[in-house]
Amino acid sequence: YAHNAQRFLIPASNVKLLTTAAAIRAIVEQAPERLWNFRDDLNLVNRDSNNARADELLRSLGGQSRVKAMLESLGVDSDSYVQADGSGLSRSNKAEPSTFVTLLKAMYETDDSGLFYDSLPVGGVNGTLRNRFKGTAVQGKVHAKTGTLRGVRALSGYLETDDYGTVIFSIMVNQPGQSGRTMLAAIDEMVLTMAQLESCE
């Protein structure tokens, strides 16, 4: 299912997915032995959404052009997003929701160590999702990056379903003037609905 999948939206902290995926690819290419030592930084940026470390990571990578080069090797169209910083704090960041779906799918297929997947907050368990999805059918089954700015809420990641396997999704809401609570409730309802998917086979 897709709605406005190619529309530029403000992704907030979902930008950290671009930054961290590029960093993993760069380490794999240059010094794969350093990959496991990167785990703590990765968790800090994705799970805990540390903005300062995300911006430092972008600088250490060599900037936005380096991110684009790394992500192009994963099939991510460089014209499908505009990255202004590493953290997502800038409202100059723009991305199509499909950008994150493409990125998440590529990382799911290439990140053999599972570092990227494991760095994402888990619904009702840890990180920025520790207080969401508690006591629901998807507690412990949502691995996704949150995004929060005034008038912006986002959630992109993976949902492990009982009957449909792994669902990759990106939900980005840009509604200035709307309350954060209302936007979060709508996003969470979408995730709970996705959990009811069943295989046609």
Side-chain angles (χ1 to χ4, degrees), residues 5-6 8-122 126-129 142-149 154-158 166 168-172:
Q6 275 74 49
F8 270 133
L9 297 168
I10 299 172
S13 279
N14 276 203
V15 162
K16 292 182 176 76
L17 296 174
L18 305 174
T19 307
T20 54
I24 289 174
R25 299 308 301 162
I27 292 172
V28 167
E29 283 190 6
Q30 297 172 358
E33 69 280 359
R34 291 181 48 232
L35 199 54
W36 283 101
N37 293 330
F38 182 53
R39 186 185 341 191
D40 288 344
D41 272 348
L42 196 58
N43 291 344
L44 187 64
V45 173
N46 281 343
R47 186 175 300 163
D48 299 326
S49 205
N50 187 290
N51 295 315
R53 187 66 193 102
D55 287 333
E56 289 173 8
L57 185 57
L58 178 63
R59 288 192 292 272
S60 68
L61 275 169
Q64 290 88 333
S65 61
R66 181 68 168 154
V67 170
K68 284 187 179 290
M70 291 293 97
L71 298 188
E72 280 183 336
S73 70
L74 293 173
V76 178
D77 184 355
S78 62
D79 292 329
S80 68
Y81 65 96
V82 176
Q83 185 176 15
D85 59 19
S87 60
L89 285 177
S90 172
R91 290 181 177 271
S92 295
N93 289 300
K94 300 287 190 297
E96 300 173 359
S98 59
T99 301
F100 294 107
V101 172
T102 299
L103 173 66
L104 290 161
K105 183 175 186 294
M107 291 303 291
Y108 192 78
E109 293 172 347
T110 60
D111 181 23
D112 295 333
S113 64
L115 281 179
F116 183 78
Y117 181 90
D118 291 340
S119 75
L120 298 174
V122 181
N126 62 31
T128 55
L129 282 180
V142 183
H143 293 68
K145 183 73 197 75
T146 55
T148 305
L149 287 173
L155 188 69
S156 298
Y158 309 96
T166 302
I168 297 172
F169 67 91
S170 179
I171 304 170
M172 294 162 58

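Distance check, rounded to the nearest 0.5 Å: CE of Met107 to CG of Leu74 gives 6.5 Å. With rounding to the nearest 0.5 angstrom, the CD atom of Gln64 is 10.5 Å from the CZ atom of Arg59. Going from atom CG of Leu35 over to atom CD of Glu33 covers 9.5 Å, rounded to the nearest 0.5 Å. The CG atom of Leu120 sits 9.0 Å away from atom OG1 of Thr128, with the distance rounded to the nearest 0.5 Å. Note: Leu129 CG to Arg47 CZ = 11.0 Å, rounded to the nearest 0.5 Å. Here the CG atom belonging to Leu71 is positioned 10.0 Å from the OG1 atom belonging to Thr99, to the nearest 0.5 angstrom.
Of all heavy-atom pairs between Lys16 and Ser49, the closest is NZ-OG, 3.2 Å. In plain terms, the two heavy atoms of Ser156 and Ser170 that are nearest each other are OG-OG, 2.7 Å. Shown here for Ala54 and Thr19, the closest heavy-atom pair between the two residues is O-CG2, 3.8 Å. For the pair Pro11 and Val15, the tightest heavy-atom approach, listed with the atom from each and the gap, is CG-CG2, 3.5 Å. Of all heavy-atom pairs between Gly86 and Asp55, the closest is N-OD1, 2.9 Å. The minimum heavy-atom distance between Phe38 and Ala23, with the atom names listed, is CZ-CB, 3.7 Å.
Between Ser90 and Asp85, the side chains place no donor N or O within less than 3.5 Å of an acceptor N or O (distance only, hydrogens not considered).
Without hydrogens or angle criteria, Asn46 side chain to Phe116 main chain gives no donor-acceptor distance under 3.5 Å. Without hydrogens or angle criteria, Asn93 side chain to Ile10 main chain gives no donor-acceptor distance under 3.5 Å. With hydrogens and angles ignored, the 3.5 Å screen pairs no side-chain donor or acceptor of Thr102 with any backbone N or O of Val76. Proximity of a side-chain donor or acceptor of Ser78 to a complementary backbone N or O of Lys68 within less than 3.5 Å is not detected. A donor-acceptor pair under 3.5 Å is absent between the side-chain atoms of Asp48 and the main chain of Asn50, judged by distance alone. Panel note: side chain Asp111, backbone Leu115; a donor-acceptor pair is recorded below 3.5 Å.
Between Pro121 and His143 the shortest side-chain heavy-atom distance does not fall below 4.5 Å. Between Thr20 and Ser119 the shortest side-chain heavy-atom distance does not fall below 4.5 Å. Using a 4.5 Å heavy-atom cutoff, the side chains of Phe100 and Met172 are in contact. For the pair Tyr81 and Leu103, the minimum side-chain heavy-atom distance is 4.5 Å or more.
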Applying side-chain contact (heavy atoms from CB on, under 4.5 Å) to Asp118 and Ser113, what does each step give before you reach the verdict?
CA-CA 9 Å; Asp118 291 340; Ser113 64; over 6 Å; no
side-chain contact (heavy atoms from CB on, under 4.5 Å) for Leu44 and Asp40? Distances and angles first, verdict last.
CA-CA 6 Å; Leu44 187 64; Asp40 288 344; over 6 Å; no
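Residues forming a salt bridge (charged side-chain N to carboxylate O under 4.0 Å, His left out) with Glu72 (at least two apart in sequence, or on another chain): none.
Pairs engaging residues 91-109 under the salt bridge (Lys or Arg N to Asp or Glu O under 4.0 Å) rule: Lys105-Glu109 [sequence neighbours left out].
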